[in-house]
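So the structure is just underneath, and the comments pick up after that.
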Number of protein chains: 2
Amino acid sequence: MASATQPSESPSRARILETARREFADRGFDGARLAGIAREAGLSHPTLLYHFNSKADLYGSVIESAVLDWAAETEAAVSGALEGFDQVVSIIDAGFDFFATHADFARILRREALEGGERLDAAITDSLRPFLYRAVDFLEREMQAGRLRRHDPLELMQICYGAVFTFFSDSRFRARLLDSDPLSPDALTRHRNALTGLLEAALRPSSG
Amino acid sequence: MASATQPSESPSRARILETARREFADRGFDGARLAGIAREAGLSHPTLLYHFNSKADLYGSVIESAVLDWAAETEAAVSGALEGFDQVVSIIDAGFDFFATHADFARILRREALEGGERLDAAITDSLRPFLYRAVDFLEREMQAGRLRRHDPLELMQICYGAVFTFFSDSRFRARLLDSDPLSPDALTRHRNALTGLLEAALRPSSG
DNA sequence: ACCGGTCTACTGACTTGTCAGTAGGACCTA
DNA sequence: TAGGTCCTACTGACAAGTCAGTAGACCGGT
């Protein structure tokens with residue numbers, strides 16, 4: 001979906017990518033303006049179109065770079081070095097860590113999820129679905145082995161993803177609802193601890 | 001936010017409202033086209049603007065009607081007729097029931113949440129925040145009384161809201177990811193049971 | 001002399017909102 | 001019951017503005 005015909009990296013190109021990520025997150029694909037993105041990057045909008053062939057191309061590049069990061073940063077979390085509940089925590093933390101450093105991408109991803117994710121087809125097949133199924137397989141195995149109490153593994157993953165993802169994508173809404181800094185380190189660890197605490201109470205077998 | 005200068009209800013007006021809800025959910029405020037909404041409702045776009053003064057007015061009317069439904073349908077769930085975990089289930093079920101019958105609105109709401117929810121200010125003050133705090137107060141009380149195991153009540157509500165809300169707002173994404181009917185009665189009860197099961201394991205006190 | 005990167009100026013497509021005008025029902029009056 | 005007047009619902013044509021994308025010139029470095 002994303003082209004790679006342009007020179008792979010230049011200062012302008014990187015700056016455009018950065019401001020585009022923020023604009024697409026703030027306003028969505030339709031709402032974002034090439035002229036606005038270019039202005040924030042210190043360029044005219046035809047110059048932006050010199051670096052990226054079209055708006056769709058720019059958008060695709062934003063997605064692509066974030067999905068590559070996702071694949072790299074979550075690989076360790078599902079590779080299964082740990083056992084039982086410790087590994088569950090590692091998966092949750094991977095999600096928190098990734099979105100904490102890619103907060104804008106969380107909102108772009110949510111917009112895609114709303115519309116069905118057509119533009120994410122490659123990312124789904126290459127990264128997201130494998131990640132999900134590896135996690136589900138792990139949960140299945142550990143429940144079978146008695147290291148985790150039994151719950152529906154696929155639904156469990158969806159509940160966790162929904163909770164973590166919402167924490168980041170809806171941060172501005174939460175700011176308005178609760179009148180507090182929604183992504184402060186404090187708020188983040190509080191939410192992370194609440195989720196892992198809930199999961200521990202539900203998943204860790206009763207014996208010591 | 002929404003005007004009431006037009007005749008309160010007419011067949012055309014109702015039809016416009018219905019197709020507008022779907023279009024705004026599918027494409028967002030910027031992506032939706034007045035001409036498209038009008039065509040689907042069997043009218044020309046100036047006629048749409050005869051019934052609603054502007055695109056923003058139409059959007060406001062869509063929001064307004066759904067928020068009124070929300071207030072009416074969730075009132076019972078937090079009024080607190082039940083005790084302990086039974087009441088928790090009642091709150092969860094209220095969320096599932098509302099969104100199951102307002103699936104398009106779930107996606108509109110998520111788009112608002114992404115952008116900070118400026119257009120929901122009245123709804124937040126009148127309905128959403130009171131609902132949240134009544135639920136949090138209830139949880140606090142029940143934990144104090146020992147009828148629920150202790151967790152952070154506010155974070156708990158956010159986890160639940162994130163899970164339920166995501167189930168509906170991201171249904172199309174889930175369809176693509178899992179290649180299954182995302183809002184079938186079966187999928188719905190399965191997710192509902194997984195969530196209440198998880199909560200029961202974490203919240204219900206250990207004694208019988 | 002070339003070329004990568006940038007600009008200004010422009011276009012064509014599209015969108016919201018306006019406006020003048022029409023069809024037809026309801027209501028009144030003689 | 002005929003004719004006049006009003007009102008709601010609706011339309012086609014258009015004004016005004018916005019946007020992505022294009023054309024072509026400029027400029028500095030190699």
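Order of the sequence lines fixes the chain letters, A, B, ..., with proteins taken first and strands second; residue numbering starts at 1 for each chain.
A 6.0 Å sphere centred on CZ of A:R39 holds no more than 12 heavy atoms belonging to other residues, nucleotides or ligands.
Remark: side-chain polar atoms of B:T189 are paired, donor with acceptor, to backbone N or O of B:D186 under 3.5 angstrom.
Here C:dT8 presents its P atom at 11 Å from CG of A:L43, a figure rounded to the nearest Å. A:E23 places its CD atom 12 Å from the P atom of D:dC19, with the value rounded to the nearest Å. Rounded to an integer number of Å, the gap from NZ of B:K55 to C1' of C:dC14 is 12 Å.
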Q) Would B:S169 and B:R111 count as a side-chain hydrogen bond (donor to acceptor under 3.5 Å, both in side chains) if you check the C-alpha gap in whole Å, the side-chain angles of each, and the deciding distance to 0.1 Å? A) CA-CA 9 Å; B:S169 76; B:R111 290 180 190 277; over 6 Å; no
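By the 30° and 60° cut-offs, the orientation of the rings of A:F98 relative to A:H102 is parallel.
Remark: the A:H51 side chain and the C:dG5 base include no donor-acceptor N/O pair separated by less than 3.5 Å.
Look at A:T47 and you'll find a side-chain N or O under 4.0 angstrom from OP1 or OP2 of C:dC7. Distances shown here put a side-chain N or O of A:S44 below 4.0 Å from the OP1 or OP2 atom of C:dC7. The side chain of A:Y50 contributes an N or O atom lying less than 4.0 Å from OP1 or OP2 of C:dG5. For D:dC10, the OP1/OP2 oxygens have a side-chain nitrogen or oxygen of B:S12 closer than 4.0 Å.
In this structure, B:A38 reaches neither bases nor backbone, as no heavy-atom distance under 4.0 Å exists between it and the strands shown.
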